[in-house]
Every structure is written in C-alpha cells, then in structure tokens.
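This report concerns only the one structure given below.
Sequence lines set the chain letters: A, B, ... in the order given, protein chains first and strands last, and positions in each chain run from 1. Predicted model, so just to flag it, every value in this text is computed and none were measured.
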Protein chains: 2
Amino acid sequence: MKVERPHQPGDASAELPDDRVAAIRVAALRLFATQGYRATTMADIGAAVGIRGPSLYKHVSGKQVLLAEIMVGTMDALIAAHTEAVDSVDDTREQLRRAVEAHVRYHARRRFEAFVGNREIGSLEQPGRDRILRRRSAYERGFRELIERGVDEGVFTVRSARLVSYSILDMGMGVANWFHDGGEFSVDQLAYQYGDLALRLVAAATAGG
Amino acid sequence: MKVERPHQPGDASAELPDDRVAAIRVAALRLFATQGYRATTMADIGAAVGIRGPSLYKHVSGKQVLLAEIMVGTMDALIAAHTEAVDSVDDTREQLRRAVEAHVRYHARRRFEAFVGNREIGSLEQPGRDRILRRRSAYERGFRELIERGVDEGVFTVRSARLVSYSILDMGMGVANWFHDGGEFSVDQLAYQYGDLALRLVAAATAGG
DNA sequence: CCTACCGATCGGTAGG
DNA sequence: CCTACCGATCGGTAGG
C-alpha cells in the first residue's frame, strides 16, 4: 500500500541548500554567460562541478529554475546596491553620482551576471520572466525619479528624464561588454568617470570642472 | 562514369537570388530576433514563407549561413549610414551630431537587426564571427577617432575618448530595447535628442542652449 | 551519485 | 517543393 507523503518541513536537503548548490549556480552562470542558456547542457553544468548531468537533479529542480534563480539573484543584488548608494547621501546630485557608480561597479565586477541578465530574458518562462521584468522596471524607475527630483530642485536640466535615465543605464551596462581587470582603468576609476559622464548628461557641474 | 562538374559562373540560381531568398532572410531575421537563433528551427522559417523546412535548402545553404548573412548585412548598412553622415559635413561637432543621429535612427528603425546583431554574436561560427567583429571594431573606431579629433581641435573636452565613445554607442543601441512607433517620441525627435546628449558628453555646446 | 533510457527535437540529406 | 528519414542531441526519469 502506497502512502502519499509530502516533503516534511524538517527535511534538511530541501530547506538548507549546501555549498554544492552554490557551486552549481556559479558553474551554470559561467556557462550560461559564455555559451548561452540554450547551448548549455545539464551535462556541461554537471561536468563543471565534477558530477554527471542527472545527478544535478538531487540538488536543483531543473535548468529553467536554475536560470530564474540566477537572474532574480542578479536583479536583487543590483537593486540592493542601488538602494544603499542612494540612501548613503541626501544631496540629489550626489545620489545620482553614487547610483551610477554602483551601477557601473556592478556591471564591471559581475560581468557574467550582466550578460545572462541582459541576454537571456527571452529564455525565461513564466512566472520567472515577469518577476525579472518587474524588478527591471523598478530599477529603471529609481533612476528616472532621481533625475526628475533633480529637475524639480533645479539642479538638473534635461529635455526628457526618461531618455536620460535610459542613456545612463545603457552606457553603464555596456561596461560589461569590454571591461577586464588589468586594463586601462580600475573599477573605481571607471565608476568615477561614468559618474562624471552622467552628471554631464543632466547638465550638472562635475567635481573636476 | 561520373564527371566532376563545378558550378558554372552563368548559373543563375547561384548568382541572382530572387525575391524568395529575400523573404526567407526577412522571416529568419524576425524569428531570430523574437525567439533567438537557437530556438528558431528551419521548419519555423519555412512556415513563415509558406514552405517546409527542407525546401529552404533550395534557396539558402543553411541556418548558420543565414545568420552570418543577416549580421554582415546589418553591420555594412550601419557603417554605410555612419560614413554618409560623417561625409555630409566638415565641422567636427556637426559630424558627431550626425553620426549619433544615424546611429540612433538605425537602432530605432531596425530593431530586429539590432537585437540579433547584439545578442547572437556567440551563435556565429567562424569565419562569420571574425567578419562581424572586424566590422564592429571599425565602427567603434570611427566614433572614437571623431571624438579624438574634436579634442585635438579644442571643441571637445573629455577625460577618455574611449569611454565617451563607448557611452555614446551604448546609449544609442539601447534605443532598440524600448522604442516603438507611436510612442512619446518620433525617430527624428529621438535622433536629435540623442545628438544633444552626445554633445553634452563631449562638453560641447548644444543648439538649444 | 551513477548508468540506462525515454521521448522529443532538430539540421540536414535522399530521392523523388 | 514534398515526404521520409538519418544521426545526433538533450532535459529529465527510473531504479538502483
């Protein structure tokens, strides 16, 4: 006689993902970024952590869920960095500078997350896709409203806060496409220079003149 | 007895692709842009032009070649628009404005080409990939050298021509991600405003003050 | 964590 | 331009 036995709350393997799960996510992220989601097989991910493809299903529930978790984690980290940057100062001009610096730092340091997040939205099935789109909208709104506040205060001058906010976001995201450690600029230098460029776009004075 | 008979130069089907080939390219472009290259099947492309997948091979030599042709055509059109824009005036400041306008116009009007060109580079096999990368480098160099010339002439002021050229290119490419006809701005309005933003980035006076 | 395997998909070819 | 089909691939399951 078979008894239906749902997973118990105390089941450690379901509630407390161990290091192995983290290693799988890191490997999947790297492979999704370098080969693309569809071109990456479960066997590839398994091999990257020293096991066979089917064994992955003891740790994660599937390839699609792996992608969704990676992308949600990426957006949450980006939004957290943005919130912290904006909350760290009161002056609107300085808030924009720090928000841009956080944005650029993220895209320089977490290039794989940026690649996957920007390229694989179409590979996400529902409801993961909507979860990501909501986060992206909220993130964009944060920049737009910051610029609108600066315009209201008279410290920024723009024709369209929307166009300028998109421009700032897009130029920062582009950093992920070419940045590498040991190049012409450090992450800090890059963040500062993009902060200056953003302030030029809103026609605010920059520190260096 | 079998005789090796290479394709003759006079073979019309190889030299003069008809409307059907153009229709196949357009259908493939749309599907690659909306579903991704790997997620698009030859059967999908065939269905879009009213035939079966295997019948496509009477017109094109394969899926990979189709992608390469689309991407090379995209870059060549973009570079041609850039060259025409720059050659149309002498003043460096105006050359930058027109180059940015051409860049933005292209990314607003040819969104599918932009999506595929920016997302499917990794799907390209050699030698197609190198053909594309060479064109992209040349295009980027055009903007960078234009900015460097403006700096030499004293009409632009930038800390890094490279960073500013990347910024201008990236913000213009971003237009493809959200522009649609009937929205807040027309293509012409968009092109002009991005021209202004680019001139702000190089710290040159804009027409409107 | 493994091997064996299922069911489905796909690019491209054969042969009309 | 078609159907039939090949050979290969892949996500996920079964059952240890």
Qualifying residues under salt bridge (Lys or Arg N to Asp or Glu O under 4.0 Å), relative to [X], sequence neighbours excluded:
{"X": "A:R110", "result": "A:E113"}
{"X": "B:E69", "result": "B:R25"}
{"X": "A:D188", "result": "A:R105"}
{"X": "B:R98", "result": "B:E94"}

>> Counting Watson-Crick and G-U wobble pairs with both distances under 3.5 Å, what is the dot-bracket string for DNA chain C, 5' to 3', using [ ] for crossing pairs and | for pairs to another strand?
In response: ||||||||||||||||
> Which pairs count as salt bridge (charged side-chain N to carboxylate O under 4.0 Å, His left out) when at least one residue sits in residues 135-149 of chain B, sequence neighbours excluded?
Replying inline: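 Passing the test, one end in residues 135-149 of chain B: B:D76-B:R135.
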>> Strictly by side chain to side chain donor-acceptor pair (under 3.5 Å), give each pair with a member in residues 41-55 of chain A just once, sequence neighbours left out.
In response: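 Residue pairs with at least one partner in residues 41-55 of chain A: A:T41-A:D44.
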>> Give me each pair satisfying ring-ring contact (aromatic ring centres under 6.0 Å, His included) with a member in residues 72-109 of chain A, each pair once, sequence neighbours excluded.
In response: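 Qualifying pairs, neighbours excluded: A:H82-A:Y139, A:H82-A:F143, A:H103-A:H107, A:H103-A:Y139, A:H103-A:F143.
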>> For A:Y37 and A:F32, take the angle between the two ring planes, folded into 0 to 90°, and tell me which bin it lands in: parallel under 30, tilted 30 to 60, perpendicular over 60.
In response: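 Answer is perpendicular, since the angle exceeds 60°.
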>> For a quick test of reading the model: is some side-chain N or O of A:R52 closer than 4.0 Å to OP1 or OP2 of C:dA4?
In response: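 So the side-chain polar atoms of A:R52 never come under 4.0 Å of the phosphate oxygens OP1 or OP2 of C:dA4.
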> Quick one: what's the B/S/- string for nucleotides 9-16 of chain D, heavy-atom cutoff under 4.0 Å, read 5' to 3'?
Replying inline: -SSBB---
